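Here is the structure we will look at.
Quick note: numbers below take in every heavy atom, side chains included, and nothing from hydrogens, waters or symmetry partners. Please read all numbers here as calculations on a predicted model, not as lab measurements. Chain letters run A, B, ... following the sequence lines, proteins first and then strands; every chain starts at 1.
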Amino acid sequence: MKHTQQQNPTTELRRTQRCPRSSEWEPLLYDYAEGLADEQTRAAVEGHLASCAYCTAAMEDIRWMISALKSTAPEPREDLTKKVMARIRTEEEENGRVIAEALDARTGRILPDRTGTPLGRSVRRVSRMLGGVAAALVLVIGLVYLVPLLRSGSGAASSPSDILGEMQTDDGSFADGVFVGGRDETEAVTDAVGIGAVQGSKEPAVSDTVLIETPADGMPVILRIKGLSAERLQAVLSGLLTADGAPLVVTQTDDGYLVSPLSAFESAHEALRAAYPELGIEIVRAQTRPASYTDDAFYIQISEP
Amino acid sequence: MLFMTEKDAADDVLSEPDTADEDAALVRSAAAGNTHAFEQLTRKYERLVFRSAFYAVGHEEDAADLTQEILLRVWHGLPSFRGNARFLTWLTRIIRNTCADHLRKKRRTVQTESLSAMPDEEEIPIPEPADPAPESDPHAVYEKQETAGRVRDALQAMPEEYRILILMRDVEGMTYETIAGALGCEIGTVKSRLHRARALLRSHLASCEGAD
């Protein structure tokens with residue numbers, strides 16, 4: 001049976017009577033096809049192929065697939081890295097003035113920040129966050145102070161990425177999301193995942209969800225942190241500031257908390273996502289909602305690092 | 001070895017056993033602001049990033065843009081990257097998130113456009129394959145393009161965690177040891193997952209063929 005590189009031999013495989021032990025042989029066929037089989041396995045495979053039309057066809061299928069994958073894989077343009085580096089160097093130049101201001105006048109070295117990272121990179125990170133909205137920065141700063149509260153109620157904070165990556169609560173569980181809602185973002189959300197449908201798991205929604213609503217305009221905000229007590233949530237939220245420097249208004253209701261304004265949460269999303277690309281922060285549509293919920297909801301989900 | 005040629009082996013830059021250590025050194029240097037170190041990382045992984053993006057979104061131009069965006073996100077995120085995770089693991093997470101963002105935005109755009117203004121079926125150009133050997137036979141060229149389209153469709157239909165395994169092993173030629181190290185799991189786990197991924201891919205390829 002001969003095939004050109006582009007012909008898929010699957011058709012031949014379909015026509016052949018199935019080998020009763022194909023599931024056992026198949027992993028060995030891959031090893032054989034990749035040249036990874038030892039001598040004993042090679043001899044066994046060759047012996048089996050001599051008498052099994054199905055596995056012979058499967059081997060052809062595997063060979064074709066591996067060959068097709070390699071031969072049809074697209075190549076990036078040659079100047080791709082050059083383009084990326086050009087953009088980075090432009091950014092570097094734009095940040096040059098800021099970095100220069102951070103140079104130690106005596107030694108000429110870049111002053112380290114409190115985490116030991118050269119200040120220039122930290123300055124750029126903060127600049128990116130400020131590139132969104134000032135309110136976003138306020139919220140990020142709020143989160144910086146949030147986790148130490150969650151963890152122990154005291155102690156020095158590590159870098160923001162450490163904090164966001166390890167939003168661990170008192171009971172040792174991981175915080176797995178910050179829910180955010182708003183009519184303005186309704187059209188911006190398309191993915192249909194229910195509340196609590198955390199990426200990679202199927203935990204049901206709202207049993208340990210803390211609900212926060214904005215009474216002024218009816219647009220809901222949900223802050224969902226597993227294991228977070230109501231008292232602690234209120235303590236944390238009361239520490240957050242709006243873009244104007246005013247504290248968020250937090251009022252406890254029968255089924256959650258009313259918080260305003262919503263704008264601080266909305267504007268945080270892009271800045272958080274840009275600052276922490278590895279955390280998988282997403283906005284998704286909520287399919288299910290608590291009884292008190294009166295509008296479509298979305299949340300920013302922070303997946304475990 | 002039946003399928004990997006000597007050239008393939010020479011191209012296997014990602015299969016070096018010291019990839020993780022080499023990455024760690026480059027990452028440390030790049031995180032401190034060394035653009036040359038980051039350029040080395042970029043050159044090393046640009047093909048994996050580009051192909052991951054291409055097979056996620058199915059469009060070469062979008063994949064090229066996404067590759068740039070992903071690499072910029074990596075650069076910006078390096079100061080917050082913690083050394084207790086492997087760079088490749090972190091990179092694949094950024095690839096996944098960036099592509100997912102793109103697909104969400106694209107779906108949103110499509111939803112807001114008037115259906116009447118849309119063509120029945122979007123024409124997606126097939127990019128040049130990795131081995132652009134000049135083909136004089138038009139039939140061979142056609143077959144190759146058809147195969148590329150089928151592979152693209154089949155991979156695009158795969159779950160991301162399976163697709164990245166196929167790309168690492170069968171396209172980039174990374175060793176099982178390197179993949180296991182990158183993903184932080186045992187070699188046996190990589191093999192069993194890859195086996196499932198390949199079985200699924202073969203099934204998708206068969207479906208694509210059946211649909212033709």
Side-chain angles (χ1 to χ4, degrees), chain A residues 4-8 10-11 13-14 26-27 30 32-35 61-63 65-77 80-81 83-85 87-89 92 110 117-118 120-122 124-125 128 159-162 165 187-191 273-278 280-282 305, chain B residues 1-4 8 31-33 35 38-39 42-43 46-47 50-51 54 60 64 67-68 71-77 79-82 85 90 93-94 97-98 100 104 107-108 111-112 127-131 140 143-144 146-148 150-151 166 170-171 191 195 198-199 201-202 205-206 209:
Chain A
T4 65
Q5 190 181 40
Q6 279 69 47
Q7 289 174 322
N8 185 345
T10 299
T11 310
L13 187 63
R14 283 175 181 159
E26 215 157 84
Y30 281 111
Y32 186 88
E34 293 186 275
D61 203 36
I62 290 166
R63 285 176 173 174
M65 181 184 75
I66 294 176
S67 170
L69 280 167
K70 275 217 178 260
S71 66
T72 63
E75 283 289 340
R77 290 176 188 162
L80 198 144
T81 291
K83 279 185 175 175
V84 172
M85 296 313 298
R87 284 176 66 176
I88 286 172
R89 286 180 179 123
E92 292 292 300
I110 293 175
T117 310
R121 298 298 301 271
S122 295
R124 285 195 293 280
R125 186 195 299 166
R128 286 197 303 278
S159 72
S161 62
D162 288 340
E187 291 180 2
V189 174
T190 58
D191 212 348
R273 195 161 52 175
Y276 306 103
E278 75 279 20
I281 299 169
E282 301 175 4
Chain B
M1 183 171 286
L2 292 176
F3 296 102
M4 287 189 65
D8 292 333
T35 53
F38 186 70
E39 188 166 356
T42 300
R43 290 200 186 283
E46 65 173 1
R47 287 201 311 183
F50 173 73
R51 287 167 174 170
F54 174 73
E60 191 181 14
T67 303
Q68 288 195 50
L71 293 170
L72 285 169
R73 283 190 185 194
V74 169
W75 168 253
H76 292 144
S80 66
F81 173 66
R82 289 171 298 160
W90 185 65
R93 192 173 294 129
I94 294 176
N97 293 333
T98 310
R104 263 194 294 278
R107 280 200 295 271
R108 191 164 67 226
Q111 281 179 353
T112 53
E128 287 297 315
D131 176 20
E143 278 194 340
K144 197 163 192 169
E146 191 191 31
T147 300
R150 191 179 295 166
V151 168
I166 297 267
D170 292 335
V171 179
K191 282 191 166 183
H195 181 66
R198 285 164 163 172
L201 179 60
R202 284 173 63 201
L205 284 166
E209 184 184 55

(message) To check you understand the geometry: which heavy-atom pair defines the closest contact between T35(B) and I88(A), and what is its length?
(response) CG2-CG2, 4.0 Å

(message) Ignoring hydrogens, what is the shortest heavy-atom contact between F50(B) and P74(A)? Give both atom names and the distance.
(response) CE2-CB, 3.8 Å

Hey, are [X] and [Y] close enough for a salt bridge, meaning a charged N less than 4.0 Å from a carboxylate O?
{"X": "E39(B)", "Y": "K83(A)", "answer": "no"}
{"X": "E75(A)", "Y": "R51(B)", "answer": "yes"}
{"X": "D170(B)", "Y": "K70(A)", "answer": "no"}
{"X": "E46(B)", "Y": "R77(A)", "answer": "no"}

(request) Measure the spacing between CD of Q68(B) and CG of L80(A) and express it to the nearest 0.5 Å. (result) 5.5 Å

(message) Please report the interatomic distance CG(L69(A)) to OG1(T147(B)), rounded to the nearest 0.5 Å.
(response) 11.0 Å

(request) Could you go through the side chain to side chain contact (heavy atoms under 4.5 Å, CB included) check for R150(B) and T72(A) one step at a time? (result) CA-CA 10 Å; R150(B) 191 179 295 166; T72(A) 63; over 6 Å; no

(message) Is any side-chain heavy atom of M65(A) closer than 4.5 Å to one of V151(B)?
(response) no

(message) Contact between R47(B) and P76(A) at the side-chain level, heavy atoms closer than 4.5 Å - yes or no?
(response) yes

